[in-house]
Amino acid sequence: MEYSKIRTRFAPSPTGYMHVGNLRTALYAYLISKHEDGDFILRIEDTDQERYVEGAVDIINNTLKATGLIHDEGPDLGGDYGPYVQSERKGIYLQYAKELVDKGEAYYCFCDKDRLENLRKDLESKNETFRYDKHCLHLSKEEIQENIEKGIPYVIRQNNPVEGTTSFEDVIYGHISVDNSELEDMILIKSDGLPTYNFANVVDDHLMKITHVVRGSEYLSSSPKYNRLYDAFGWEVPVYVHCPPIMKDAHNKLSKRNGDASFQDLVAKGYLKEAVLNYIALLGWNPGGNEEIFSLEDLVKIFDYKNINKSPAIFDSQKLKWMNGEYIKRLPLDTFHDLALPYYEGILPKEMDSKKVSELMQTRVEVLSEIPEKIGFFAELPEYSIEIFLHKKMKTTIENSLENLTKILPALEALEPWNSDTISGLISEFVSKEGIKNGQIMWPIRSALSGLQSSPGGYLELADILGKDESISRIKIAINNLQSHL
Ligand code: GLU
């Protein structure tokens, strides 16, 4: 089918945090439209008032803004097909439901809770799944009128056939056919007058001229019912793009409890928004080839929704970490420094040149939250085991470490000014004068300054960052420690 313009929508319910699955849906919907220069619409689906969470709309807006998934129409921007918040569209749905009633495709249902509960129990006792029994389907026009006038609460249900099959095409899942006997007479209008998602999504997608419906695969099984609605109205069915579930492993869905499921949690943990977006683009979609790092602009160019995979996508935290590390490495130093600063707070001594620490850290962390544990030794020399001085390749021993540190100490104490050039000059001189290997002085200094088996940066960077007084004091401590192990 040819469309004059592709229009997709992201239609979240404001129920709390932004699950990465939702963000992926938003991303795919965005990419599908933008790849063809189409429109991307934001619609807030808040008809389920019980699930409404205060502040959730802000989270949705902030997340879309932060990730660059900018919509063309939506609650804040308006557009030709508004309003874009379902509760503000309340007046629209009833007339459409009534149109279906007139066509015999829907009916009023006045069954109360007790009757439905008894029906449920009855079916359960026969090991059958609950299905409304069309009890109210045969009410006469007069009975319906009377009930409404009496103020008896009602819902409007879809009238699905019990025989035959309904089929439809999904771009990802292919041809899907279900027995009509499986189609529940789902509620279209609730007793509070608001539509269910099941009804509102069809009416709104039609009225908003949505050409491609992108959503999670949990809606796949309801889609035959939506199709029957489109057909009943005589409306064109949109292209369905149902996205595979995102799993933690082969058996478990990715849930909030994993701590990885929400965009905000990931950002709070020190993941970069761009990296998260890049990573989730690959959850169920394969660009082909080996390249995996894509900016949003790259994705817009290359995204082809026909390559979305229907098998569940596994959320691989290790891979996300790796990707985040790649993004961190590619940042301009100043940008990384700004992002890292909050993680230095309360750890790095005020007088320390934190920009130099950033230079070291940028290539050594995959997630920003790893920074504090990596820089603790700058603030305080850790207690260490003497093994950190021993390095096979560098040919260091306790004896020669002690000897070399003791010998170089006076020269270091006399060194002015204290900077990378003067320190490395002094070390070179020392190496040639003593006829030792570079490593035999560099490694002991590195060990003395860091107190770590492996440190971010070598002796020179550490000495430069720690400054003269602290470096000398740590070398003296090392000399004492080494002596006591002789
Ligand atoms: N409001 C639905 C949800 O948040 C959206 C489903 C759809 O995209 O149609 O799950």
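This is a predicted model, so every value here is computed, not measured.
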> salt bridge (Lys or Arg N to Asp or Glu O under 4.0 Å) with Glu274: which residues, sequence neighbours excluded?
Replying inline: none
>> Any non-hydrogen side-chain atom of Tyr93 less than 4.5 Å from a side-chain atom of Asp204?
In response: yes
> Within the side chain of Ser13, is there an N or O that forms a donor-acceptor pair under 3.5 Å with the backbone of Thr15?
Replying inline: no
> Going by an N to O cut-off under 4.0 Å, is there a salt bridge joining Arg330 and Glu326?
Replying inline: yes
> Are Tyr96 and Trp235 close enough, and set up right, to give a ring-ring contact (aromatic ring centres under 6.0 Å, His included), and what steps lead you there?
Replying inline: CA-CA 12 Å; Tyr96 286 102; Trp235 293 344; 5.6 Å; yes
>> Using only atom types and a distance under 3.5 Å, with no angle test, would you say the side chain of Asn324 pairs donor to acceptor with the backbone of Ala275?
In response: no
> Do any N or O atoms from the side chain of Gln362 and from the backbone of Ile328 form a donor-acceptor pair under 3.5 angstrom?
Replying inline: yes
>> The criterion is side-chain hydrogen bond (donor to acceptor under 3.5 Å, both in side chains); which residues satisfy it with Gln145, sequence neighbours excluded?
In response: Glu149
> Does Lys319 have any salt bridge (Lys or Arg N to Asp or Glu O under 4.0 Å) partners at least two apart in sequence or in another chain, and if so, which?
Replying inline: Glu292
>> Strictly distance-based, threshold 3.5 Å: is any side-chain N or O of Glu143 a donor or acceptor partner for the main-chain N or O of Ser140?
In response: yes
> Would you find a donor on one side and an acceptor on the other, under 3.5 Å apart, between the side chain of Ser217 and the backbone of Pro244?
Replying inline: no
>> Please check if the number of heavy atoms outside Gln95 that lie under 6.0 Å from its CD is greater than 12.
In response: yes
>> Show every ring-ring contact (aromatic ring centres under 6.0 Å, His included) that has at least one partner inside residues 146-194, sequence neighbours left out.
In response: Tyr108-Tyr154, Phe110-Tyr154, Phe168-Tyr240
> Is there side-chain contact between Lys253 and Ile246, with at least one heavy-atom pair below 4.5 Å?
Replying inline: no
>> Looking only at side-chain N and O atoms, does Tyr17 offer a donor or acceptor that is under 3.5 Å from a partner on Asp265?
In response: no
> Which residues satisfy the salt bridge (Lys or Arg N to Asp or Glu O under 4.0 Å) test with Lys65, sequence neighbours excluded?
Replying inline: none
> Just by distance, do the side chain of Asn201 and the backbone of Tyr197 share a donor-acceptor pair under 3.5 Å?
Replying inline: yes
>> If I compare all heavy atoms of Tyr327 with all of Phe294, which pair ends up nearest, and what's the gap?
In response: OH-O, 3.1 Å
> Given side chains that start at C-beta, do those of His242 and Ser223 come closer than 4.5 Å, heavy atoms only?
Replying inline: yes
> Do Asn61 and Asp58 meet the criterion of a side-chain donor-acceptor pair at a distance under 3.5 Å?
Replying inline: no
> Heavy atoms, side chains only, cut-off 4.5 Å: are Ile189 and Val155 in contact?
Replying inline: no
> In this structure, are over 12 heavy atoms from other groups packed under 6.0 Å from Glu291 atom CD?
Replying inline: yes
Sequence neighbours excluded and cut-off under 3.5 Å, please list the side-chain donor-acceptor pairs for residues 366-375, or say none.
| from | atom 1 | to | atom 2 | distance (Å) |
| --- | --- | --- | --- | --- |
| Ser369 | OG | Lys269 | O | 2.6 |
| Glu370 | OE1 | Glu366 | N | 2.9 |
| Lys374 | NZ | Arg364 | O | 3.0 |

>> Just to verify, what does His71 make a side-chain hydrogen bond (donor to acceptor under 3.5 Å, both in side chains) with, not counting sequence neighbours?
In response: Asp76
> With a 4.5 Å limit on heavy-atom distance, are the side chains of Tyr230 and Glu236 in contact?
Replying inline: no
>> Please tell me whether His19 and Ser262 have a donor and an acceptor in their side chains that are separated by less than 3.5 angstrom.
In response: no
> If you measure from CG on Asp185 to NZ on Lys134, what distance do you get to the nearest 0.5 Å?
Replying inline: 3.5 Å
> How are the rings of His337 and Tyr344 set to each other: parallel, tilted or perpendicular (split at 30° and 60°)?
Replying inline: tilted
>> Quick one about Thr165 and Asp179 (side-chain donor to acceptor, distance below 3.5 Å, no hydrogens or angles considered), yes or no?
In response: no
>> With ring-ring contact (aromatic ring centres under 6.0 Å, His included) as the criterion, how do Tyr226 and Tyr219 come out once you've worked through the C-alpha distance, each side chain's angles and the decisive distance to 0.1 Å?
In response: CA-CA 10 Å; Tyr226 306 152; Tyr219 292 100; 7.3 Å; no
>> I need the full list of salt bridge (Lys or Arg N to Asp or Glu O under 4.0 Å) pairs touching residues 334-348, with sequence neighbours left out, sorted by first then second residue.
In response: Asp334-Lys355
>> Among residues at least two apart in sequence or on other chains, which ones pass side chain to side chain contact (heavy atoms under 4.5 Å, CB included) with His35?
In response: none
> Can you find a pair of side-chain heavy atoms, one from Leu266 and one from Leu320, that are under 4.5 Å apart?
Replying inline: yes
> Are the aromatic ring centres of Phe303 and Trp285 under 6.0 angstrom apart?
Replying inline: yes
> Say you draw a straight line from NZ of Lys273 to CG of Leu23; how long is it, rounded to the nearest 0.5 Å?
Replying inline: 12.5 Å
> Is it true that Arg7 and Asp72 have a side-chain N and a carboxylate O under 4.0 angstrom from each other?
Replying inline: no
>> Please evaluate residues Arg446 and Ser454 with respect to the criterion side-chain hydrogen bond (donor to acceptor under 3.5 Å, both in side chains), reporting the C-alpha separation (whole Å), side-chain torsions for both, the decisive distance (0.1 Å), and the verdict.
In response: CA-CA 9 Å; Arg446 181 219 67 90; Ser454 82; over 6 Å; no
> Quick one: do Arg43 and Glu45 make a salt bridge, cutoff under 4.0 Å?
Replying inline: yes
>> Holding to side chain to side chain contact (heavy atoms under 4.5 Å, CB included), I want the full list of residues that pass it with Glu461, two or more places apart in sequence or in another chain.
In response: Leu360
>> Is any side-chain heavy atom of Ile187 closer than 4.5 Å to one of Ile156?
In response: no
>> Surrounding CD of Glu383 (heavy atoms of other residues, nucleotides or ligands, distance under 6.0 Å), is the total greater than 12?
In response: no
> Do you know the tightest heavy-atom contact between Thr129 and Leu123?
Replying inline: O-CD1, 4.0 Å
> Any idea which heavy atoms bring Ala232 and Leu100 closest together, and the distance?
Replying inline: CB-CD2, 3.7 Å
>> Checking the side chain of Asn286 only, and the main-chain atoms of Ile308 only, is there a donor and an acceptor separated by less than 3.5 Å?
In response: no
> Salt-bridged, Arg115 to Asp133, with N to O below 4.0 Å?
Replying inline: yes
> If you measure from CD on Gln49 to CG on Leu194, what distance do you get to the nearest 0.5 Å?
Replying inline: 6.0 Å
>> Is it the case that the ring center of Phe263 lies less than 6.0 angstrom away from the ring center of Tyr271?
In response: no
>> Under a plain distance cut-off of 3.5 Å, with no hydrogens placed, do Ser295 and Asp298 share a side-chain donor-acceptor pair?
In response: yes
> So, do Leu299 and Glu297 sit near enough that their side-chain heavy atoms are less than 4.5 Å apart?
Replying inline: no
>> Can a side-chain donor-acceptor contact be found between Ser87 and Asp46 if the only test is distance below 3.5 angstrom?
In response: yes
> Pairs in or reaching into residues 116-126: which pass side chain to side chain donor-acceptor pair (under 3.5 Å), with residues at least two apart or in two chains?
Replying inline: none
> Do other residues, nucleotides or ligands put more than 12 heavy atoms under 6.0 Å from the NZ atom of Lys98?
Replying inline: no
> Got a sec, which residues hit side chain to side chain contact (heavy atoms under 4.5 Å, CB included) with Gln318, two or more places apart in sequence or on another chain?
Replying inline: Asp316, Lys321
> Sub-3.5 Å donor-acceptor pair from the side chain of Arg131 to the main-chain atoms of Ser181, do we have one?
Replying inline: yes
>> Please determine whether the number of non-hydrogen atoms from other residues, nucleotides or ligands lying under 6.0 Å from atom NZ of Lys190 exceeds 12.
In response: yes
